[in-house]
Amino acid sequence: MTINKKHVIKLLEEIAVYLELKGENPYRITAYRRAAQALEQDDHSLDEIDDFTKIKGIGERTAAIIDDYLENSESETLQQLQQEVPQGLVPLLDLPGLGGKKLSKLYQELKVTDAATLKEALESGEVEKLEGFGKKSAEKMLKALEDADSRPERLPLAMMLPLAEKIEKYLQSCQTFDRYSIAGSMRRMKETVKDLDFIIASSDPAKTRDELLEYSEIKDIVASGETKVSIVVDAGYEVGVDFRIVAPHEFASTLQHFTGSKDHNVTLRQMAKEKNEKISEYGIENNETGEVQTFESEKEIYEHFGLHYIPPEVRENYGELDKFKEPVRLLETSDIRGDLHMHSTWSDGAQSIKQMAEQSKDKGYQYIAITDHSKYLRVANGLNENRLRKQREEIDKVNSSMKDFHIFAGIEMDILPDASLDFEEEFLKEMDFVIASIHSSFSQSQDKIMKRLETALECPYVHMIAHPTGRLIGRRKGYDVDVNKLITKAKETGTILELNANPNRLDLNYEWLMKAQEEGVDIAINTDAHSYPMLDHMTIGAATARRGWLRKETVINTWTTKQLMKKFGIAK
DNA sequence: GCCGTTTTCGGCCCGACTGTTTTCAGTCG
């Protein structure tokens, strides 16, 4: 196994978890977490770092652990910890109310080593007798243990978006306040979301609380104070929704605080501390005078620290609090000039070519590509050569009927299980824009999958690889792609990689997008729309692009029609 | 464990909540 940076980061985080279980000094534990973070934020790859102690946050001890790991492909420190602490304890840290210290106590005093032994101890009533534990916490843990398998911890963004929209609609109709915002990981557009957070500015919290409690879809009320209303709604799955009610002048600070991420805020608080200040959800306090400053907008909060406005999607403590000292211009939805992957009634889409084109033009686009499925995909009514030639005639017709708008005649061509392509090169020449994608034999070995992708990458008439890993968030892992290799090869062959904006896919994910941009690969953000409402997924794609720090120039569908024609090799 | 124009010791991010307490530790975001 070649050890990469991710492995080292994981090692350090694992060591931290085990130390936590041992009940070690909490600062020693955070030291390992910080070292992992420092490594993550460092721009260099592993082999470019000769001395790890040069990175702030990594000292001699940690550097020695990393060196040992790199040299021997295993870590003596971790192995030792694994011998001292039963591995079955690690997942128990996810139980509510159970942290390192309490779990460590359960292990030492009751010989709890995994979920099964914990359950026994709970049922026999041993746990509630222990100091620091009680009847209530024992009941909670037992319930959590029993529910553990029934529901995933986080739900895919695609499932949560409609719920968030529904609640926002209710908030819009409310009378006791007018300023509110979604916060939390949903606002950061994380690909999975645990619960929904809303911040509400109200001068009459009691009335606002009552109004919130009138929401018709409430299944359970968890808390209903004048600063926090916490409910559970049933959207086919139970979801917690928190509303934080604050005074209007505190709104920006509260929004910033509850948008997070946690790690982003930790770093921001450290920055405040260096200025002898304290930042919280209520504002920024000067430690000497005790005066609390509040802000009109989040922009002003960041400016207070000498930073430019940091978009929510970027607030993950991936180095943004350093990078945004300089202005950083990330991709905006309004930069997008067209959508290069969508389907029509010719294959499995719901609307005609003309309808898709007109909808797209209404969105302000200058071009689209119609990219229906190819003949291999029979279930989707895939097109053969003849039908594609006929389709082009229709595209030509629509093109001549529309002003200031262009439709590229494209195809989403299958890469077949035997690594051949669904069309001969001779035919592909006729197409304006060729997408290659995998829709079959997902469980092949990495070698076979890579061979299929390489065939497509090397074909001079393939412009783009769509949804490169094939994952469906929360449902399907995707096929076994060596993404590093894919990115290198895409750079070599000048092939575009897709960011598929469908919230079920978001493929490539933001981490790979960072890598692809770093390597100089062109990206296209496409909705893969099968009906025109799906064209709206572009905003989700753009948000994901920002999570991957994509700049406008990396994304080719910000280019003009003319520039794209040149890129696609269309003479005109 | 890491760090240092208050540098080799003493601090390390903030506030709220919960349950178990009777003044607070542990957990969480």
Side-chain angles (χ1 to χ4, degrees), chain A residues 12-13 15-16 18-39 52-66 77 81 92-106 127-141 144 153-154 183-188 190 193-197 199 222-223 225-228 230 240 242 244 246 250 253-254 256-285 287 292 305 315-317 321:
Chain A
L12 297 176
E13 277 165 357
I15 291 175
Y18 279 102
L19 291 176
E20 203 169 15
L21 288 173
K22 278 186 72 183
E24 269 283 352
N25 173 358
Y27 293 113
R28 197 176 158 216
I29 298 164
T30 21
Y32 281 103
R33 298 224 158 98
R34 281 202 183 150
Q37 250 172 37
L39 203 55
F52 285 96
T53 60
K54 281 185 186 152
I55 299 173
K56 200 179 157 206
I58 300 180
E60 271 178 40
R61 285 294 306 261
T62 308
I65 289 171
I66 297 173
T77 309
L81 285 167
L92 297 183
L93 278 173
D94 290 335
L95 293 177
L98 210 49
K101 287 196 176 152
K102 284 195 156 180
L103 193 49
S104 168
K105 193 163 184 176
L106 290 174
V127 173
E128 60 193 78
K129 283 186 225 151
L130 222 54
E131 201 192 325
F133 293 83
K135 214 173 175 101
K136 258 191 173 163
S137 54
E139 275 169 19
K140 255 188 170 171
M141 272 189 260
E153 190 46 15
R154 307 180 68 87
S185 52
M186 175 62 99
R187 182 161 182 246
R188 302 201 311 279
K190 226 179 138 148
V193 175
K194 192 176 166 201
D195 43 28
L196 297 178
D197 295 287
I199 313 299
V222 184
E226 289 189 10
T227 55
K228 182 178 167 181
S230 201
D242 288 350
R244 314 250 166 194
V246 292
E250 292 166 337
S253 280
T254 311
Q256 194 284 324
H257 180 87
F258 285 106
T259 296
S261 64
K262 183 174 176 283
D263 289 340
H264 175 90
N265 284 350
V266 167
T267 304
L268 201 61
R269 281 199 283 272
Q270 282 163 353
M271 289 172 72
K273 190 152 185 124
E274 279 165 27
K275 294 180 64 167
N276 200 21
E277 291 171 343
K278 224 163 39 183
I279 179 171
S280 75
E281 58 263 53
Y282 303 112
I284 297 178
E285 184 181 338
N287 284 338
V292 179
F305 293 101
R315 302 181 198 165
E316 296 290 348
N317 203 32
L321 287 157

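Naming: A, B, ... by sequence-line order, numbering from 1 per chain. Quantities reported herein were computed from a predicted structural model and do not represent experimental measurements.
When heavy atoms are screened at a 4.0 angstrom cut-off, A:Gly184 is found touching no nucleic acid atom at all. At the heavy-atom level, A:Asn25 lies under 4.0 Å from base atoms of the strands shown. Nucleic acid contact for A:Leu98: sugar-phosphate only, since backbone atoms but no base atoms lie under 4.0 Å from a heavy atom of the residue. Heavy atoms of A:Lys228 sit nowhere under 4.0 angstrom from any nucleic acid atom. Counting any heavy atom pair closer than 4.0 Å across all strands shown, A:Lys140 reaches sugar-phosphate atoms only and no base atom.
In this structure, A:Lys278 does not reach the B:dC14 phosphate: none of its side-chain N or O atoms is under 4.0 Å from OP1 or OP2. For the pair A:Arg28 and B:dC3, the criterion of a side-chain N or O lying under 4.0 Å from OP1 or OP2 is not met. A close approach under 4.0 Å does occur between a side-chain nitrogen or oxygen of A:Thr62 and OP1 or OP2 of B:dC2. Under 4.0 angstrom from either OP1 or OP2 of B:dA16 there lies at least one side-chain N or O belonging to A:Tyr282. Residue A:Arg269 places no side-chain N or O under 4.0 Å from the OP1 or OP2 atom of B:dC14. Regarding contacts with the backbone of B:dC14, every side-chain N or O of A:Lys262 stays at 4.0 angstrom or more from both OP1 and OP2. Look at A:Thr267 and you won't find any side-chain N or O under 4.0 angstrom from OP1 or OP2 of B:dC13.
B:dG11 and B:dT7 have their P atoms separated by 14 Å, with the value rounded to a whole Å. Using atom C1' as the reference point in both B:dC9 and B:dG15, the two lie 29 Å apart (nearest Å). Taking atom C1' in both B:dC13 and B:dT8, one finds a spacing of 24 Å when rounded to whole Å. Taking the C1' atoms as reference points, B:dG10 lies 30 Å from B:dC17, given to the whole Å. Rounded to whole Å, the separation between the P atoms of B:dT6 and B:dT20 comes to 46 Å.
When only modelled atom types and interatomic distance are considered, A:Asn317 and A:Gln37 share a side-chain donor-acceptor pair under 3.5 Å. A:Thr259 and A:Arg187 share a donor-acceptor pair across their side chains, judged by distance under 3.5 Å alone.
Using Watson-Crick or G-U wobble geometry with both donor-acceptor distances under 3.5 Å, B:dA25 finds its partner in B:dT18.
With DNA chain B read from its 5' end, the first of the two nearest nucleotides for A:Phe258 and A:Glu131 is the one closest to A:Glu131.
With hydrogens and angles disregarded, no donor-acceptor distance shorter than 3.5 Å links the side chain of A:Ser253 to the backbone of A:Glu250.
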